[in-house]
Amino acid sequence: MAEDLTDFIRQRIRSDLADGLDGVVTRFPPEPNGYLHIGHAKSICLNFGVAEEFGGKTYLRFDDTNPLKESDEFVDAIVRDVEWLGFRWEGPTFASDYFDELYRFAEQLIERDKAYVCDLSAERIRATRGTLTEPGTESPWRGRSAAENLHLFRRMKAGEFADGACVLRAKIDMASPNLNMRDPVLYRIRHATHHRTGDAWCIYPMYDFTHCICDALEGISHSLCTLEFEDHRPLYDWVLDNIAVNYHPPQIEFSRLGLEYTVMSKRLFATLVDGGHVGGWDDPRMSTLAGLRRRGVRPAAVREFCRRIGVTKSENRVELEMLDFCLRKDLQTAPRAMAVLDPLRVVLVNYEGGGEVLAAPWHPQHLERGGRELTFSSTLYIEREDFKETPPRKYRRLTPNGMVRLRYGYIIVCEEVVKNANGDIEELRCRYVPESKSGSDSSNLKPKGVIHWVDAATAVAAEVRLLERLFDSANPTPATFRSALNTNSLRTVQAQVEPAAVASAEPHFQFERTGYFVKDERDHSAAQPVFNRTVSLRDSYNPKAGP
RNA sequence: UGGGGCGUCGCCAAGCGGUAAGGCACCGGGUUUUGAUCCCGGCAUACGCAGGUUCGAAUCCUGCCGCCCCAGCCA
């Protein structure tokens, strides 16, 4: 598999390798505080992708330094999703694995007079940080001796202080134009049970102190992260420059994925889940990996998508069409079946056969994959949409006295439209052309259209979930995403499905002319079939264009 | 009006001083018992703007303009 990706990160790695770097080591470092989404897939494909391409390795490292938000449930979900995408990792490791070492480095910083225990409240720290245009002011505790700081820090660790009583701060520069360098907090007190270390600790290191050290300890050759951490790089470097480590990874930033009609934040997804706006983290409308999977998206499609969007430092908002293209491309090889989503009964007035069976391949371009049998009888269902009393321009389906071919079956001609008292069409009475049987057609008739159908006698009733975008707005923001929710994002219909699709062990199907569908991983059973529409088929029907 | 980034076709994105790749979308046409797939063709005299350097600039320099990120004891 020759890769030809030339993004700036790969260029940088090639250059480092040419300069003597002895191996590529990356890491994917999620906090286990939620499920992964497709934005994470971009990072996963990048980190694991470059390691694979350059013969290196990738750590799956959980950044679990905030016990209030993290849990094993999320660890398990993340492991499952990365595995699903098809990547193999070193570890997994946890930031909490390094709590002892981290603590020792913190003491080292104190001994070197590079960190101090500050008794200011959170509010005072904020107030004295200054603003974007004004420098901050130094904490009154900044001048404490190393010995006193060490003593205090040990008491913090021993649990002698309440949450918020004090913190450990880096001693850098309160006048730095970079707010992150104005004596950032390194450790805070949290009397909370950690999902892995339990109650062993009551002080927890902050991200900026933790991440760079974990990278160094694991020998990460390229620490790839998103753009919002650019301002943190000086701090990343400062920490490693001021402790006794012999290795200092470079942090390289790229832009996160923006996708139309969705949000890209674990926090916002959590809000949707907790607020009951969706069925859970794996709701098929969610752009979480679990949601995409349940919707019927396969890992190859996600990887293809990530390959196509590239890696740069530009802000971006990718159109949904790009994702849909990748889904269809991947599913193009799925077996075909017929399902009528909105059934309209058709009675063949001149059909007297019984037990007739028609042959249909699983895939029209792969006859070697065999096929299935379709029963045929005098009562069928067709798509309500496939009949129009007054056809629009360029309509190629059934009309009064018009003819159409039933896919893999016969040509039929509509002779009568039966309506109920409300004027709604209740059934169509049609004549079939006996000599037009698919494969042995001697009728010489050339109908303009071909439609899908199922035999009412053998069709299986199924719940089909038609999923639309979760938001009406192409760009929902944290401020607007509640009001931007699309209230019609889930439409459930009672469909009639060809029995072979239900009987088959295959989960993914193209229901001809209506899209790609998957058996719902939670709710589907042979007795009560439930399908989700992964993506509709491309539709170039344009009555306004052309002749 | 601090600091850090980014501005190439509707969207994504190549390009790294030698005269604008590719993909998605869109528009034509062909094949087709899925208005699908597949195939062929079209689609930036132009690179945020203005100057400058150069034989030559999207690429270098200067100055503007626009957009994004940063004031958690979150990551």
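Atom set for the values below is all heavy atoms of this structure, side chains included, hydrogens, waters and symmetry mates excluded. Lettering follows sequence order; numbering is per chain, from 1.
Residue A:Arg328 has no polar side-chain atom (N or O) positioned under 4.0 Å from OP1 or OP2 of B:U34. Contact check, A:Thr312 against B:A13: a side-chain N or O comes under 4.0 Å of OP1 or OP2. Considering only side-chain N and O atoms, A:Arg182 lies nowhere under 4.0 angstrom from the phosphate OP1 or OP2 of B:G72. At the phosphate of B:C73, neither OP1 nor OP2 sits under 4.0 Å from any side-chain N or O atom of A:Ser121.
The interatomic distance linking A:Asn66 (CG) with B:G72 (C1') rounds to 10 Å, in whole Å. A:Arg407 has its CZ atom 12 Å from the P atom of B:A36, to the nearest Å. Following rounding to the nearest Å, A:Asp539 (CG) and B:C27 (C1') show an atom-to-atom distance of 16 Å. Note: CD1 (A:Ile382) to P (B:U34) measures 17 Å, nearest angstrom. Protein atom CZ of A:Arg307 is 13 Å distant from nucleotide atom P of B:A14, rounded to whole Å. The distance from atom CZ of A:Arg169 to atom C1' of B:A71 is 12 Å, rounded to the nearest whole Å.
In this pair, A:Trp281 and A:Phe74 present their aromatic rings perpendicular. The plane angle is above 60°, beyond the 30 to 60° band. Between A:His40 and A:His37, the ring-plane angle classifies as tilted under the 30° and 60° cut-offs. Aromatic ring orientation, A:Tyr207 versus A:His232: perpendicular (interplanar angle above 60°, classes split at 30° and 60°). Note on ring orientation: taking the six-membered ring where Trp is involved, the planes of A:Phe509 and A:Phe531 are perpendicular (angle over 60°, cut-offs 30° and 60°).
Within the cation-pi definition used here (under 6.0 Å to the ring centroid, within 45° of the axis), A:Arg469 qualifies as a partner of A:Tyr261. In this structure, A:Lys157 is positioned above the aromatic face of A:Tyr103, its NZ or CZ under 6.0 Å from the six-membered ring centre and within 45° of the axis. A cation-pi arrangement, defined by a distance under 6.0 Å to the six-membered ring centre and an angle within 45 degrees of its axis, is absent between A:Arg27 and A:Tyr59.
Put simply, the side chain of A:Gln332 and the base of B:U37 share no donor and acceptor less than 3.5 Å apart. A:Ser438 contributes a side-chain N or O that forms a donor-acceptor pair with the base of B:U33 under 3.5 Å. A donor-acceptor contact under 3.5 Å is not formed by the side chain of A:His452 with the base of B:A36. Side-chain atoms of A:Arg126 and base atoms of B:G72 include no donor and acceptor less than 3.5 Å apart. Residue side chain A:Asp231 reaches the base of B:G3 through a donor-acceptor N/O pair under 3.5 Å, judged by distance alone.
Annotation: of the two residues near RNA chain B, A:Leu323 and A:Ala165, the 5′-most nearest-nucleotide partner is A:Leu323. Residue-to-nucleotide proximity on RNA chain B shows that, of A:Lys69 and A:Lys448, the 5′-proximal contact is made by A:Lys448.
The heavy-atom pair separating A:Thr6 from A:Gln11 by the smallest distance is O-NE2, 2.7 Å.
Using P as the reference atom, B:A25 and B:U31 are 22 Å apart when rounded to the nearest Å. Taking the P atom of each, B:A58 and B:C47 are spaced 7 Å apart, rounded to whole Å. Taking atom P in both B:A20 and B:C43, the straight-line distance is 14 Å, to the nearest Å. Only the P atoms considered, B:C73 is 24 Å distant from B:G5, to the nearest whole Å.
A glycosidic torsion no more than 90° from 0 defines the syn conformation; B:G23 lies beyond that range and is anti.
Here B:G66 sits opposite B:C6 as a Watson-Crick or G-U wobble pair (both hydrogen-bonding atom distances under 3.5 Å). Under the Watson-Crick or G-U wobble criterion, with both distances below 3.5 Å, B:C38 is paired with B:G30. Across every strand in view, B:C43 sits unpaired, with no contact that passes the Watson-Crick or G-U test at under 3.5 angstrom.
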Scan nucleotides 6-10 of chain B against the protein and return all N/O pairs shorter than 3.5 Å with their distances rounded to 0.1 Å.
from	atom 1	to	atom 2	distance (Å)
B:G10	N2	A:Glu319	OE1	2.8

What does the list of N/O pairs under 3.5 Å between the protein and nucleotides 40-42 of chain B look like, with a distance for each?
none

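For the pair A:Asp163 (side chain) and A:His191 (backbone), a donor-acceptor distance under 3.5 Å is present.
The side-chain hydrogen bond (donor to acceptor under 3.5 Å, both in side chains) check on A:Arg308 picks up A:Glu304, with sequence neighbours excluded.
No side-chain N or O of A:Thr197 forms a donor-acceptor pair with one of A:Ser96 less than 3.5 Å apart.
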